[in-house]
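First the structure, in the form of structure tokens, and then the observations on it.
So that the names make sense, note that chain A is the first sequence line, chain B the second, and so on, each numbered from 1.
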There are 2 protein chains.
Amino acid sequence: MTDKPNAPNHALIPFGQHVAKLRKNLGISQEELSGRCGLDRTYISGIERGKRNLSLTNVFKLAKALDVPPKVLLDYPEEVVSHDN
Amino acid sequence: MTDKPNAPNHALIPFGQHVAKLRKNLGISQEELSGRCGLDRTYISGIERGKRNLSLTNVFKLAKALDVPPKVLLDYPEEVVSHDN
DNA sequence: TTGTGACTTTCAGTCCGTT
DNA sequence: TAACGGACTGAAAGTCACA
């Protein structure tokens, strides 16, 4: 980890946003997703906010729970989408 | 981690094989790849053999070093390719 | 329904080496 | 050139109480 120690890694934020989007597409809550992939609800929350640098196996679990192939989880524009403007 | 504790995660093996393939496509050694992404030589070796459960940020580093978008690193057939038959 | 800080345990990741 | 092992440090995993 050569990145800033205290800051959440910038690369994790768009990933988390993408996860949140896929989850909402399914119309399920973080808790429902949590149940589906066996990861803690608060852990899911951390992922969606880009606070967690999850490992590959958890990416796979998440992909399965979201019913998409793993590569779809990494298939999003590189830029961070702020709120609107 | 609900997986078997001692066994290397089966899902990591095809991933590692894919990494090795992409690396060889570039015609570079593990050590050269190591230098490009800043990860240890022995760690790269472990990844390619499916022994390592790397984190997302390292997936990104690897993708950059291999000069492919991150999603390509997860874009391979789900089945493990044994040797031939 | 989700965000958050704090916490302990487990393992990611590095560095030394040998085969 | 790569597989593999041991020992070590810091970060991810996983959970909790509470806002």
Side-chain angles (χ1 to χ4, degrees), chain A residues 1-13 15-66 70 73-74 82-83, chain B residues 1-13 15-66 70 73-74 82-83:
Chain A
M1 200 62 47
T2 53
D3 306 287
K4 294 242 189 74
N6 267 21
N9 192 303
H10 59 289
L12 297 176
I13 295 176
F15 173 80
Q17 291 177 336
H18 190 232
V19 169
K21 189 171 163 188
L22 291 171
R23 174 177 61 79
K24 288 167 185 167
N25 283 163
L26 288 180
I28 63 177
S29 65
Q30 290 181 350
E31 185 144 19
E32 167 65 19
L33 179 57
S34 168
R36 290 193 191 186
C37 65
L39 297 172
D40 196 83
R41 179 193 66 77
T42 64
Y43 190 58
I44 302 286
S45 172
I47 290 170
E48 293 191 356
R49 284 174 294 120
K51 302 292 185 182
R52 295 286 191 156
N53 183 20
L54 67 172
S55 65
L56 252 194
T57 53
N58 283 344
V59 171
F60 294 147
K61 287 181 190 172
L62 220 37
K64 191 160 193 175
L66 289 168
L73 277 195
L74 293 190
S82 5
H83 322 89
Chain B
M1 201 61 52
T2 53
D3 307 287
K4 295 245 189 70
N6 266 19
N9 192 306
H10 60 286
L12 297 176
I13 295 176
F15 174 80
Q17 292 176 336
H18 191 232
V19 169
K21 189 171 162 186
L22 291 171
R23 175 178 61 79
K24 287 168 185 168
N25 283 162
L26 288 180
I28 63 177
S29 66
Q30 291 180 347
E31 186 143 19
E32 167 66 20
L33 179 57
S34 167
R36 290 193 189 186
C37 64
L39 296 173
D40 196 81
R41 164 185 66 80
T42 64
Y43 191 55
I44 301 288
S45 172
I47 290 170
E48 293 192 356
R49 284 175 292 122
K51 304 290 184 182
R52 293 294 189 156
N53 182 22
L54 66 172
S55 65
L56 249 196
T57 54
N58 284 342
V59 171
F60 295 146
K61 288 181 189 172
L62 218 37
K64 190 160 192 174
L66 290 168
L73 276 195
L74 293 189
S82 5
H83 320 92

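- Look at CG on A:Leu56: it is 15 Å from C1' on D:dA13, rounded to the nearest Å.
- Contact of the B:Leu12 side chain with the B:Lys51 side chain is not registered, since no non-hydrogen atoms from C-beta on lie closer than 4.5 Å.
- Atoms CZ (B:Phe60) and P (C:dG13) sit 13 Å apart, rounded to a whole Å.
- B:Leu54 comes within 4.0 angstrom of sugar-phosphate atoms only, judged by non-hydrogen atoms across all strands, and of no base.
- A distance of 7.0 Å separates CG in A:Leu33 from CD in A:Glu48, rounded to the nearest 0.5 Å.
- For A:Ile47 and C:dG3, the CD1 to C1' distance is 14 Å, given to the nearest whole Å.
- Atom CZ of A:Arg52 is separated from atom CD1 of A:Ile44 by 10.5 Å, given to the nearest 0.5 angstrom.
- Rounding to the nearest 0.5 Å places SG of A:Cys37 at 10.0 Å from CD of A:Glu32.
- One finds the CD atom of A:Gln30 at 6.5 Å from the CZ atom of A:Arg41 (value rounded to the nearest 0.5 Å).
- Residues A:Asp40 and B:Ile28 both approach DNA chain D. Their nearest nucleotides, taken by heavy-atom distance, put B:Ile28 toward the 5′ side.
- Straight-line distance from the CD1 atom of B:Ile44 to the C1' atom of C:dA12: 13 Å, rounded to whole Å.
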Next on the checklist: Walk me through whether A:Phe60 and A:Leu73 qualify under side chain to side chain contact (heavy atoms under 4.5 Å, CB included).
Outcome noted: CA-CA 9 Å; A:Phe60 294 147; A:Leu73 277 195; over 6 Å; no

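- For D:dA13, the OP1/OP2 oxygens have a side-chain nitrogen or oxygen of A:Asn58 closer than 4.0 Å.
- A sub-4.0 Å separation between OP1 or OP2 of D:dA12 and a side-chain N or O of B:Arg52 is absent.
- Between the P atom of C:dG5 and the CZ atom of A:Arg49 lies a distance of 8 Å, rounded to the nearest Å.
- With rounding to whole Å, A:Lys51 atom NZ is found 11 Å from C:dG5 atom C1'.
- Look at OH on A:Tyr43: it is 16 Å from C1' on C:dG3, rounded to the nearest Å.
- Contact annotation: the side chain of A:Asn25 never approaches that of A:Leu66 to less than 4.5 Å [non-hydrogen atoms, C-beta and beyond].
- The nearest whole Å value for the distance from the CG atom in B:Leu33 to the P atom in D:dT1 is 13 Å.
- A distance of 4.0 Å separates CZ in B:Arg36 from CD1 in B:Ile28, rounded to the nearest 0.5 Å.
- In this structure, of D:dA2, C:dG13, D:dA3, it is D:dA2 that holds the atom nearest to the side chain of B:Arg23.
- Using a 4.0 Å cut-off, no side-chain N or O of B:Ser45 falls inside it from OP1 or OP2 of D:dA2.
- The CG atom of B:Leu62 sits 6.5 Å away from atom CG of B:Leu54, with the distance rounded to the nearest 0.5 Å.
- When the C1' atoms of four end pairs are superposed on the next four at each end of the helix from C:dT2-D:dA19 to C:dT19-D:dA2, using five pairs per end, the two resulting axes differ in direction by 50°, to 10°.
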Could you go over nucleotides 17-19 of chain C and give all protein N or O partners under 3.5 Å, atom names and distances?
residue	atom	partner	partner atom	Å
C:dG17	O6	B:Arg41	NH2	3.2

